[in-house]
Amino acid sequence: MKSAAGIVPLDLEPREAPAPARLPRVTLVVPVYNEEASIAIFLQKVDETTAEIGPSVCFDILFVNDGSRDKTERLILAEAAQRDDISLISFSRNFGKEAALTAGLHHATGDAVIPLDVDLQDPPEVMAEMIRRWQGGAKLVNARRSRRDADTWLKKATANTFYRLFNALAEQPIPRDVGDFRLMDREVVQAIRQLGERSRCNKALFSWVGFETEEVTYERPPRAAGESQWSYWKLTKLALDAIFSSSTVPLRIWTYVGMMMALVSLAYSAFLFLRTLIFGIDVPGYASTVILILIFGGLNMFALGIIGEYVGRIYTEVRQRPLYVVRAHHASEKSGL
Ligand code: UDP
Ligand code: MG
C-alpha cells in the first residue's frame, strides 16, 4: 500500500488481507478484579455509547480477569455466550492491573485499542471524540482529566509529586493527569509489544513510544459501583516501578555527588593540613583523622557512582528496549528496500 507521497506505513505484523469494505475495529481492553457489581452497568453503558458512535467503526470487548475471586468471570462468560463481541482472558491469580493491561495489549486484535476501567471512571462517551481524532490521523489520543475532584487531597498531592519527580528524571516525560485511558492505533500497540521489560508502568511506556499524539479532556466521575482495589502501597510500588524503569539517574547521580564530595574533602583536607603546619597541633590526631575520613568518604561515594554507571548500563541492556521505533519509511526504486 503506497500513498501518493510514497510513504509506506510500517506494519510489523502482516495484516490478513482485509475484505474490501471492512470496518475499522476498536478493541476495548478492560481489566477486572473482583468487579461483579460493575460488569452489567459497564456493558449497558458501553453498548449505548458504541451505538451512538455509529456505523463507521465496530467494537469488540476484551476483558482481562485479573484473578477475581467473586462472580466476575461467570458473569462475563454468561454475557459472552449471548453475543459475539466479548472475549475473556482469565489469569491464574491476581497479577495487578499493569499485568492485566499488558495481557490485553498482547491479545487485542483491533485496528485501535482503548484500555478502559470497568467502573466507568473512564467515561465511554469520551471515546467518540478519541475515535474522531484517530480517524483524522492521530495515532495516540490521550484523555486528560480536567479535574480530579473525585480524588482525595492525599491522592492529588501524591500524584502531583509523582509527576514532578518522574518528569525531572525520565528521558521521556509523561503527560500529567493522563491515565491508561487512551486510544492507541495498532502501530502504537505493536511498538509497545516490543517492550519486554518485566517491571512495567504502562503509562510511562505509552509516552516512550512516541507517534502523533493528540489529547482530549474529560471530567473524571467517581466510581459507578464496587470499591477501588488500589491501595497506597500498590500505588507507591507502581510509582517506584515507573521511576526506576524509566531512569537510571537515581543510580548514577552518585558519580556527581561523589566527585563533589571528593573535591570538597580534598580542599578541606588541604586547609586542615596547612593550618596544622602553620599554627601547630591543638587537638592531637584531629587533622589526620578528619583528613582520612574525608578522603575515604569522598572516594567511597565516587566509587559507588562508578559502579552505578555500570549497573545503569547493564540495566539498560537487560531491559532490551528497541533502540528506536520507526513510524514510516520511504524506499527508493534503486535501493530495493
Ligand atoms: N484492577 C485490576 N487488577 C487489580 C486492581 C484493579 O485489574 O489488581 C482493575 C479494576 O477492576 C478496574 C481498573 O483496574 O477495572 C481500575 O481499578 P480501580 O478502579 O480500583 O482503580 P482507581 O480508579 O481507584 O485508580
Ligand atoms: Mg476506578
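All ligand and atom numbering here is 1-based and tracks the order in the structure. Given the structure is predicted, the values throughout are model-derived calculations rather than measurements.
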>> For Met184, run the side chain to side chain contact (heavy atoms under 4.5 Å, CB included) check against Val141, Val209, Leu140 and tell me which one passes.
In response: Leu140
> To the nearest 0.5 Å, how far apart are CG in Leu28 and CG in Leu62?
Replying inline: 9.5 Å
> Strictly under 4.0 Å, does any heavy atom of Glu98 approach an atom of ligand 1?
Replying inline: no
>> For atom 13 (C) of ligand 1, what's the nearest protein heavy-atom neighbour? Residue, atom name and distance, please.
In response: Asp117 OD1, 3.5 Å
>> Students should be able to answer this: which protein heavy-atom is nearest to atom 22 (P) of ligand 1, and at what distance?
In response: Trp230 CD1, 3.6 Å
> Phe95 ring centre to Arg93 NZ or CZ under 6.0 Å, with the angle to the axis within 45°?
Replying inline: yes
> Between Val64 and ligand 1, is there a nitrogen or oxygen pair with a distance under 3.5 Å?
Replying inline: no
>> Using the ring centroid of each side chain, check whether Tyr218 and Phe181 are separated by less than 6.0 Å.
In response: yes
> Any idea which part of Lys97 is under 4.0 Å from ligand 1, heavy-atom wise: side chain, backbone, both or neither?
Replying inline: both
>> I need the atoms of ligand 1 closer than 4.0 Å to a non-hydrogen atom of Asn94, numbered in the order shown.
In response: 3 (N), 4 (C), 8 (O)
> Just how far is it from atom CG of Leu43 to atom OG1 of Thr50, taken to the nearest 0.5 Å?
Replying inline: 10.0 Å
> Hey, is there an N, O or S on Asp119 sitting under 2.8 Å from the Mg ion (ligand 2)?
Replying inline: yes
>> Please check: side-chain N/O of Tyr163 versus main-chain N/O of Asp177, any donor-acceptor pairing under 3.5 Å?
In response: yes
> Asp119 heavy atoms, cut-off 4.0 Å: which ligand 1 atoms fall inside?
Replying inline: 19 (O), 23 (O)
> Got a donor-acceptor contact below 3.5 angstrom from the Thr248 side chain to the Gly312 backbone?
Replying inline: no
>> Please list, in number order, the atoms of ligand 1 under 4.0 Å from a heavy atom of Lys155.
In response: 25 (O)
>> Could you check whether Arg133 pairs with Glu214 (Lys NZ or Arg NE/NH1/NH2 to Asp/Glu carboxylate O, under 4.0 Å)?
In response: yes
> So, Ser146 versus Arg220: side-chain donor-acceptor pair below 3.5 Å or not?
Replying inline: no
>> Students should be able to answer this: which protein heavy-atom is nearest to atom 15 (O) of ligand 1, and at what distance?
In response: Pro31 O, 2.7 Å
>> Using a 6.0 Å cut-off, check whether atom CE of Met259 has over 12 heavy atoms from anything other than its own residue.
In response: yes
>> If we set the cut-off at 4.0 Å for heavy atoms, which region of Asp66 has an atom near ligand 1: side chain, backbone, both, or neither?
In response: side chain
>> Using a 4.0 Å cut-off to any heavy atom of Arg220, which atoms of ligand 1 qualify?
In response: 23 (O)
>> Tell me the protein heavy atom at minimum distance from atom 23 (O) of ligand 1, and give that distance in Å.
In response: Gln121 OE1, 2.7 Å
>> Under 4.0 Å from a heavy atom of Lys234: which atoms of ligand 1 are those, numbered in the order shown and with their elements?
In response: 8 (O)
> Could Asp111 and Arg22 be called an ion pair, given the rule that one side-chain N must be under 4.0 Å from one carboxylate O?
Replying inline: yes
> Of all the non-hydrogen atoms in the protein, which one sits nearest to atom 1 (N) of ligand 1, and at what distance?
Replying inline: Tyr33 CB, 3.9 Å
> With a cut-off of 4.0 Å, which atoms of ligand 1 are near a heavy atom of Gly96?
Replying inline: 3 (N), 8 (O)
> What protein heavy atom is closest to atom 20 (O) of ligand 1, reported as residue, atom name and distance in Å?
Replying inline: Gln229 N, 2.8 Å
>> Quick test: of every protein heavy atom, which one is nearest to atom 12 (C) of ligand 1, and how far off is it to 0.1 Å?
In response: Glu35 OE2, 3.5 Å
>> Between Glu36 and Arg74, does any NZ, NE, NH1 or NH2 come within less than 4.0 Å of an OD or OE carboxylate oxygen?
In response: no
> Less than 3.5 Å between some nitrogen or oxygen of Val118 and one of ligand 1, yes or no?
Replying inline: yes
